[in-house]
Amino acid sequence: MRTTSQRRLASSSCAALAAIVLSSPFATASAQAVRLEDVITAALKGSVQTQREEERIKRAAGQLQQAQGAFDFRTTAESGWERLYLPKQSNGTLTNELDTPNIFRTTIGIGKRFRNGIDVVPGVSWAFADSSSAVQSFGLTTPRPSLNINIPLFKGWGEEGEFASGERAAQASLEGSNLNRSFAGNRVVYQAVQVFWRCLATRQALEVLESDQRGAEDYLAALRELVAQGRMEATQFDRVNAGQASQRVALSRAQANDQLCRRDLAVVLGASSSGTLPTAIGDFPSMDGLGQRAAMLNEQALITAALTQRQDLLALARFEAAESERVRGAKNSALPQVDLVIDPTRVLIRYSQALGSNSAKGSLEAAVASEGEARLNQVLLQNQIRDDITDQVRNIRESLSNWTVLSESEGLLGTVVTDSQTSLRAGAITQQQYRDAQNELTAIKRQVIDADRKSTRLNSSHVSESRMPSSA
């Protein structure tokens, strides 16, 4: 069992700890007043998240440009030595013997692949011989035009072709990236607003606890006078003083939470968390009359609006469309290559096909799996949206109901504390009874602040997450 001296030592230790906490940087850091509009303005300027989405847009735009490059005009040119196999000339007459003269041939052209798969490379070629006679190489050295029309009959034909489907896939991916960027911007504003509300609630809770601590100090001062007058035992005072330790700990935690939240707020504002820390100022939106409006919320209408308007869900739809295009291209690439080649001097069928099908099958299986994953991502987000809206509507109603009850209790307890103070001065109640009333009021005030924050967070979440407007 503790002795009186041990209790006094414990009490002194608690007081010293409180003094250390109150003199720490948590309590002395200078503050920069920040309002809600300041936070929104800072969030709209961009963040790491939005910068990341912008880089993804640049990547998607580059991939689209790369895919479109398959349909650019291109030039072709070749020049070099060629050996011919011709009848040998003797006294101006061609014989049945073989001659192998050398010529130097040059070919130039300009080509373009169209989105239906047809490839055209018109051009001209000419050559000159170094040792063959004019009779031998007359037809070969005469400039000849070429058309080089290549028409795919299976693989590469029409909109199913690899290049056309690849371009559409890249276009869909870019659209999805733009939607994600827009959603990320709204999301950043929403998160910044939530940090502000959290910091405002933390600051208000800290002020309530500081006020309560001042009341506790006044209470202890009154008890010390009673001890000095011999009207109270020192051991009884020590017991009461030791009982205040939980309040000191609660105050210390509130100061630490306030400091941490202000650091988060500094990050949101784009400032250094090691410099002057901002402090959220303002009031929570009035909740009066919102209970009736919350009762009128149409849960199904909100779900329908979210499923048709949420930009992150629309982005997933575009990503799925991109994967579907890649599946079409992969299926087409698995077909044999059969092309009709048309030129002024020839018409022929060109056929080629891999002896193995590993590459084509592997590409198709990977594309189908990616398409399935994209579709499942949509389903998962749709289910999450439905569950979130259902939970949020229920929580909004519950939170507003709790706020109404707690606000009424706060008003009643405020009156009780005022009356108790009057009764204390008149000697009708004890210091302990008055202090109990103060403690009850402090507890209810903290609950009201928590209800304010929850109601604000849920209402903001309902708007930002389910509808995602273009501005906060």
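The figures that follow rest on heavy atoms only: side chains count, while hydrogens, waters and symmetry mates do not.
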Chemist: Which pair of heavy atoms, one from Ala280 and one from Phe196, lies closest together, and at what distance?
Modeler: CB-CE1, 3.6 Å

Chemist: So, do Phe114 and Val120 sit near enough that their side-chain heavy atoms are less than 4.5 Å apart?
Modeler: yes

Chemist: Between the main-chain N or O of Ser177 and the side-chain N or O of Arg56, is there a donor-acceptor pair closer than 3.5 Å?
Modeler: no

Chemist: Answer yes or no: is there a donor N or O on one side and an acceptor on the other, between the side chain of Ser252 and the main chain of Arg248, under 3.5 Å?
Modeler: no

Chemist: Is there a side-chain contact between Thr390 and Arg394 in this structure, where contact means two heavy atoms from C-beta onward sitting under 4.5 Å apart?
Modeler: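 Result yes, sub-4.5 Å side-chain heavy-atom pair found.
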
Chemist: Among all residues two or more places apart in sequence or in another chain, which pass the salt bridge (charged side-chain N to carboxylate O under 4.0 Å, His left out) test with Glu325?
Modeler: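 Per chain and number, Glu325 pairs via salt bridge (charged side-chain N to carboxylate O under 4.0 Å, His left out) with Arg168, Arg328.
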
Chemist: In terms of relative ring orientation, are Phe284 and Trp197 parallel, tilted or perpendicular, with 30° and 60° separating the classes?
Modeler: parallel

Chemist: Closest heavy-atom contact between Leu364 and Val327?
Modeler: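 Here Leu364 and Val327 meet closest at CD1-O, 4.1 Å.
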
Chemist: May I ask you to say whether Asp343 pairs ionically with Arg144, meaning some side-chain N is under 4.0 Å from a carboxylate O?
Modeler: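 Looking at Arg144 together with Asp343, the answer is no, because their closest N to O distance does not fall below 4.0 Å.
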
Chemist: What is the minimum heavy-atom distance between Val195 and Cys261, and which atoms define it?
Modeler: O-SG, 4.0 Å

Chemist: Any heavy-atom pair between the side chains of Leu200 and Gln204 that's under 4.5 Å?
Modeler: yes

Chemist: Would you call Arg446 and Asp450 a salt bridge, taking side-chain N to carboxylate O under 4.0 Å as the test?
Modeler: no

Chemist: Look at the side chain of Arg262 and the backbone N and O of Pro278, then say whether any donor-acceptor pair between them is shorter than 3.5 Å.
Modeler: yes

Chemist: Kindly give the heavy-atom pair with the smallest separation between Ala61 and Leu174, and that separation in Å.
Modeler: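 Taking every non-hydrogen atom into account, N-CD1, 3.8 Å.
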
Chemist: Would a 4.5 Å heavy-atom cut-off, applied to side chains only, mark Glu371 and Arg375 as touching?
Modeler: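 They are in contact (side-chain heavy atoms under 4.5 Å apart), so the answer is yes.
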
Chemist: Working to the nearest 0.5 angstrom, can you tell me the gap between Ile389 CD1 and Thr304 OG1?
Modeler: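 If I round to the nearest 0.5 Å, the distance is 8.5 Å.
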
Chemist: With a sphere of 6.0 Å drawn around OH of Tyr351, does it hold more than 12 non-hydrogen atoms of other residues, nucleotides or ligands?
Modeler: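 Enclosed.
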
Chemist: Heavy-atom count around Gln65 CD within 6.0 Å, excluding the residue itself: above 12?
Modeler: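 Result for CD/Gln65: open.
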
Chemist: Which distance, rounded to the nearest 0.5 Å, do you find between the CD1 of Ile444 and the CD of Glu410?
Modeler: 8.0 Å

Chemist: Under a 3.5 Å distance rule, please check whether Lys112 uses its side chain to pair with a backbone N or O of Phe71 as donor and acceptor.
Modeler: yes

Chemist: Between CD of Glu299 and CD of Gln392, what distance do you get to the nearest 0.5 Å?
Modeler: 10.5 Å

Chemist: List the steps and the verdict of side-chain contact (heavy atoms from CB on, under 4.5 Å) for Gln191 and Val268.
Modeler: CA-CA 9 Å; Gln191 291 174 337; Val268 167; over 6 Å; no

Chemist: Between Arg198 and Asp264, is the closest basic N to carboxylate O distance under 4.0 Å?
Modeler: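 Salt bridge present between Asp264 and Arg198.
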
Chemist: Has Glu37 got more than 12 heavy atoms of other residues, nucleotides or ligands less than 6.0 Å from its CD?
Modeler: yes

Chemist: Check the surroundings of atom CZ in Arg74: do more than 12 heavy atoms from other residues, nucleotides or ligands lie under 6.0 Å from it?
Modeler: yes

Chemist: Output yes when a side-chain donor or acceptor of Thr50 lies under 3.5 Å from a complementary backbone atom of Ser47, and no otherwise.
Modeler: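 The answer is yes, because a donor-acceptor pair under 3.5 Å joins these two groups.
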
Chemist: With a 4.5 Å heavy-atom cut-off, do Ile396 and Leu400 have their side chains touching?
Modeler: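 Yes, their side chains come closer than 4.5 Å.
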
Chemist: Answer yes or no: is there a donor N or O on one side and an acceptor on the other, between the side chain of Arg397 and the main chain of Leu297, under 3.5 Å?
Modeler: yes

Chemist: Does Ser165 use its side chain to pair, donor to acceptor, with the backbone of Glu162 at less than 3.5 Å?
Modeler: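 Yes; at least one donor-acceptor contact below 3.5 Å.
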
Chemist: Just so I know, are the side chains of Asp212 and Lys445 near enough to count as touching, which here means a heavy-atom distance under 4.5 Å?
Modeler: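 Asp212 does not reach Lys445 side chain to side chain.
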
Chemist: Look at atom NZ of Lys361 and say whether more than 12 heavy atoms of other residues, nucleotides or ligands are closer to it than 6.0 Å.
Modeler: no

Chemist: Kindly write out the residues that satisfy salt bridge (charged side-chain N to carboxylate O under 4.0 Å, His left out) with Asp38, not counting sequence neighbours, or none if the list is empty.
Modeler: none

Chemist: To the nearest 0.5 Å, how far apart are OH in Tyr85 and CG in Asp99?
Modeler: 11.0 Å

Chemist: Are the side chain of Arg115 and the backbone of Ala164 linked by a donor-acceptor contact shorter than 3.5 Å?
Modeler: no

Chemist: For the atom pair CD1 (Ile57) and CG (Leu64), what is the distance rounded to the nearest 0.5 Å?
Modeler: 13.0 Å

Chemist: Determine whether Asn180 and Phe319 satisfy the following criterion, side-chain contact (heavy atoms from CB on, under 4.5 Å), listing intermediate values before the conclusion.
Modeler: CA-CA 11 Å; Asn180 262 346; Phe319 291 142; 3.4 Å; yes

Chemist: Just verifying a value: how many Å separate Leu277 CG and Ser272 OG, rounded to the nearest 0.5 Å?
Modeler: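 It comes to 8.5 Å.
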
Chemist: What I want to find out is whether Glu54 reaches Arg181 closely enough, with some N-O distance under 4.0 Å, to be called a salt bridge.
Modeler: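 Counted as a salt bridge, because a side-chain N and a carboxylate O are separated by less than 4.0 Å.
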
Chemist: So, does Asp339 use its side chain to make a donor-acceptor pair with the main chain of Val341 at under 3.5 Å?
Modeler: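 No: the side chain of Asp339 does not pair with the backbone of Val341.
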
Chemist: If I compare all heavy atoms of Asn150 with all of Arg350, which pair ends up nearest, and what's the gap?
Modeler: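 Nearest heavy atoms, Asn150 then Arg350: OD1-NH1, 3.3 Å.
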
Chemist: Side-chain contact test, heavy atoms from C-beta onward, threshold under 4.5 Å: evaluate it for Leu251 versus Leu206 and give yes or no.
Modeler: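 Result yes, sub-4.5 Å side-chain heavy-atom pair found.
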
Chemist: Would you please name every residue forming a salt bridge (charged side-chain N to carboxylate O under 4.0 Å, His left out) with Glu55, sequence neighbours left out?
Modeler: Lys58

Chemist: Is there a donor-acceptor pair closer than 3.5 Å between any side-chain N or O of Ser211 and the backbone N or O of Glu207?
Modeler: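 Judged by distance alone, no pair lies under 3.5 Å.
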
Chemist: Nearest heavy-atom pair of Ile385 and Ala306: which atoms, and what distance?
Modeler: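 Looks like CG2-CB, 3.6 Å.
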
Chemist: Is any side-chain heavy atom of Tyr190 closer than 4.5 Å to a side-chain heavy atom of Val193?
Modeler: no

Chemist: Where do Asn298 and Gln300 land on the side-chain contact (heavy atoms from CB on, under 4.5 Å) test, with the steps shown first?
Modeler: CA-CA 6 Å; Asn298 188 328; Gln300 189 55 48; 3.8 Å; yes

Chemist: Could you go through the side-chain contact (heavy atoms from CB on, under 4.5 Å) check for Ser352 and Lys155 one step at a time?
Modeler: CA-CA 10 Å; Ser352 67; Lys155 180 178 180 179; over 6 Å; no

